[in-house]
Peer 1: 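Just passing along the structure, written as structure tokens.
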There are 2 protein chains.
Amino acid sequence: MRSDALRNRLRILEAAETVFAEGGTAAPIDDVAARAGVGVGTVYRHFPTKRALLEAIVRHHVDEIVDATDGAEGDPEAFFRFVERMVSVAGSHRELAEELALFGECGEEALAFKADLTERLDRRLACLLAAAQTSGAVRADVTVEDVHALIGGTCVVAGSGGSSPERLAAIIADGLRGGPPRGAAPTG
Amino acid sequence: MRSDALRNRLRILEAAETVFAEGGTAAPIDDVAARAGVGVGTVYRHFPTKRALLEAIVRHHVDEIVDATDGAEGDPEAFFRFVERMVSVAGSHRELAEELALFGECGEEALAFKADLTERLDRRLACLLAAAQTSGAVRADVTVEDVHALIGGTCVVAGSGGSSPERLAAIIADGLRGGPPRGAAPTG
DNA sequence: CTACGATCGGAGCGCAGGTTCCGGTTCCAG
DNA sequence: CTGGAACCGGAACCTGCGCTCCGATCGTAG
């Protein structure tokens with residue numbers, strides 16, 4: 001790959017990261033190109049489709065969050081850190097929140113990606129959840145789907161409104177615990 | 001008003017209810033018109049704007065849900081019924097979920113409506129929350145904004161995924177309680 | 001029944017955004 | 001240095017959708 005091509009590719013990714021974070025998945029490609037200091041044509045040479053660019057970024061985020069729990073699969077509290085991190089990151093990345101939340105209603109072309117994303121996420125989530133449940137930190141009747149849905153929903157609202165992502169994450173965490181000590185405050 | 005005009009108005013509302021429930025706020029007006037068995041022009045004579053039609057429907061839903069708690073402002077458990085009902089209705093009405101969740105990022109024209117909606121909702125929510133907190137059913141440090149955000153987020157995912165709205169509502173309710181009896185199952 | 005005005009329907013306008021195309025430019029092998 | 005392949009940029013195209021317009025139609029007062 002030519003050096004200018006590589007440079008532009010990185011610029012595009014960086015620009016898209018910012019633009020999608022602020023404007024969500026609905027942000028126009030033109031904005032990405034403009035912010036990258038590049039023409040739309042260049043964007044489309046590197047990513048065949050808007051969706052492809054979006055997926056590259058979302059996947060990167062998810063991988064980063066999942067990888068952050070590497071080696072902690074046995075730690076009961078790692079589950080809560082995972083949830084907190086997810087909500088926190090999504091709070092400043094609208095596109096991530098949207099992709100996490102909407103898994104029922106997406107076009108044919110997005111289905112494969114959603115399935116892959118869900119698998120990556122849920123595989124790790126299942127490990128962490130199992131550890132947390134075994135240790136009694138999380139009630140036994142909660143399923144991975146429950147957690148996935150709750151995280152998705154919380155992510156969507158984490159970036160707006162008067163509550164911080166941390167507060168919201170703490171409250172749903174308590175709901176999952178099956179009850180913290182009475183009177184415990186949500187952190188934040 | 002002429003009788004055919006009234007008939008069409010009702011048909012449009014009914015069609016919009018269904019179309020928006022399935023397709024969310026992004027559903028095109030043409031679909032509404034088609035389902036109502038009417039031309040687009042007719043829709044626009046009754047509702048000056050797509051947004052106006054949408055707001056009519058969302059407001060109706062919110063009013064219905066709020067009114068359902070009339071006279072129960074002192075009942076500590078009414079708060080939970082309110083949350084449950086909200087999430088449950090939004091689970092089969094995408095447009096309601098979208099309007100509830102996205103209160104940061106909306107165009108100029110929607111701002112007044114959002115403000116009004118938030119006020120109606122939060123006024124009643126404040127009453128019910130206060131009663132629940134006074135009786136000790138809900139932890140004292142939770143704010144109306146927390147609850148509003150959590151409801152909004154849960155509503156968004158209530159309609160998709162593997163978890164029922166009731167399960168999700170039960171889990172966040174427990175998070176708000178500050179802990180149910182250990183081992184309690186989320187209903188549903 | 002008739003006439004008039006309210007109402008209807010859907011073709012069409014304007015705009016926004018995803019995608020394509022191609023002439024000009026830039027990098028690198030020879 | 002230089003030829004040509006890869007790359008760049010942005011004008012242009014196409015589709016989808018909110019909304020408007022106006023001739024045709026329908027309900028109702030008289």
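Being a predicted model, the structure only gives us computed values, none of them experimental. So that the names make sense, note that chain A is the first sequence line, chain B the second, and so on, each numbered from 1. Below, all heavy atoms of this structure are taken into account, side chains as well, without hydrogens, waters or symmetry copies.
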Peer 1: Report, as yes or no, whether the 6.0 Å neighbourhood of atom CD on B:E73 holds more than 12 heavy atoms from other residues, nucleotides or ligands.
Peer 2: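 Yes, because the 6.0 Å sphere around CD of B:E73 holds more than 12 heavy atoms from other groups.
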
Peer 1: Quickly work out the B:R11 CZ to C:dG9 C1' distance and round it to whole Å.
Peer 2: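 For the pair B:R11 CZ and C:dG9 C1', the rounded distance is 14 Å.
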
Peer 1: Counting primed atoms plus P, OP1 and OP2 as sugar-phosphate and everything else as base, spell out the protein contacts along nucleotides 13-20 of chain C at 4.0 Å heavy-atom distance: B, S or - for each nucleotide, 5' to 3'.
Peer 2: ----SSBB

Peer 1: Nearest 0.5 angstrom please: B:E95 CD to B:E98 CD, how far?
Peer 2: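 With rounding to 0.5 Å, CD (B:E95) is 8.0 Å from CD (B:E98).
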
Peer 1: Does a side-chain heavy-atom distance below 4.5 Å link B:M86 with B:L100?
Peer 2: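 Yes; the side chains approach each other to less than 4.5 Å.
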
Peer 1: Give a yes/no answer on whether the side chain of B:T42 brings an N or O atom under 4.0 Å of OP1 or OP2 in C:dT7.
Peer 2: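 B:T42 to C:dT7 OP1/OP2: no side-chain N or O under 4.0 Å.
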
Peer 1: Assess whether a salt bridge exists between A:R59 and A:D63, defined as any Lys/Arg side-chain N lying under 4.0 Å from an Asp/Glu carboxylate O.
Peer 2: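 Salt bridge between A:R59 and A:D63, a charged N being under 4.0 Å from a carboxylate O: no.
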
Peer 1: Quickly work out the B:R9 CZ to C:dC8 C1' distance and round it to whole Å.
Peer 2: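 Distance check: B:R9 CZ to C:dC8 C1' gives 16 Å.
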
Peer 1: Could you grab the distance from atom CZ of B:R81 to atom CD1 of B:I65, nearest 0.5 Å is fine?
Peer 2: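 Those atoms lie 14.5 Å apart.
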
Peer 1: For A:L6 and C:dT26, give me the distance from atom CG to atom P, rounded to whole Å.
Peer 2: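 To the nearest whole Å, that distance equals 19 Å.
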
Peer 1: Does a nitrogen or oxygen in the side chain of B:H46 sit under 4.0 Å from OP1 or OP2 of C:dC8?
Peer 2: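 So the side chain of B:H46 is within the cut-off, an N or O lying under 4.0 Å from OP1 or OP2 of C:dC8.
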
Peer 1: Measure from CG on B:L54 to P on D:dC17 and round the result to the nearest Å.
Peer 2: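 Value for this atom pair: 16 Å.
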
Peer 1: Are any non-hydrogen side-chain atoms of B:F80 and B:D75 less than 4.5 angstrom apart?
Peer 2: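 SC-SC contact between B:F80 and B:D75 ruled out.
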
Peer 1: Step by step, work out the side-chain contact (heavy atoms from CB on, under 4.5 Å) result for A:R177 and A:D174.
Peer 2: CA-CA 5 Å; A:R177 282 182 206 275; A:D174 284 347; 3.3 Å; yes

Peer 1: Linking directly or through intermediates, with side-chain heavy atoms under 4.5 Å: list the remaining ILVMFWY members grouped with A:L6, chain and number order.
Peer 2: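 Once heavy-atom contacts under 4.5 Å are chained together, A:L6 belongs with A:M1.
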
Peer 1: Figure out the CG/C1' separation between B:D31 and D:dC19, and round it to whole Å.
Peer 2: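 Going from B:D31 (CG) to D:dC19 (C1'), I get 16 Å.
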
Peer 1: Between A:N8 and D:dC7, is there a contact of a side-chain N or O with OP1 or OP2 at under 4.0 Å?
Peer 2: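 Checking A:N8 against D:dC7: no side-chain N or O falls below 4.0 Å of OP1 or OP2.
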
Peer 1: In whole angstrom, what separates A:R35's CZ from D:dG9's C1'?
Peer 2: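 A:R35 atom CZ is separated from D:dG9 atom C1' by 20 Å.
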
Peer 1: Could you go step by step and tell me if A:T154 and A:V83 meet the side-chain contact (heavy atoms from CB on, under 4.5 Å) rule?
Peer 2: CA-CA 10 Å; A:T154 309; A:V83 172; over 6 Å; no

Peer 1: If a protein heavy atom is under 4.0 Å from the base, mark B; if only from the sugar-phosphate, S; if neither, -; do that for nucleotides 23-30 of chain D going 5' to 3'.
Peer 2: ---BSS--

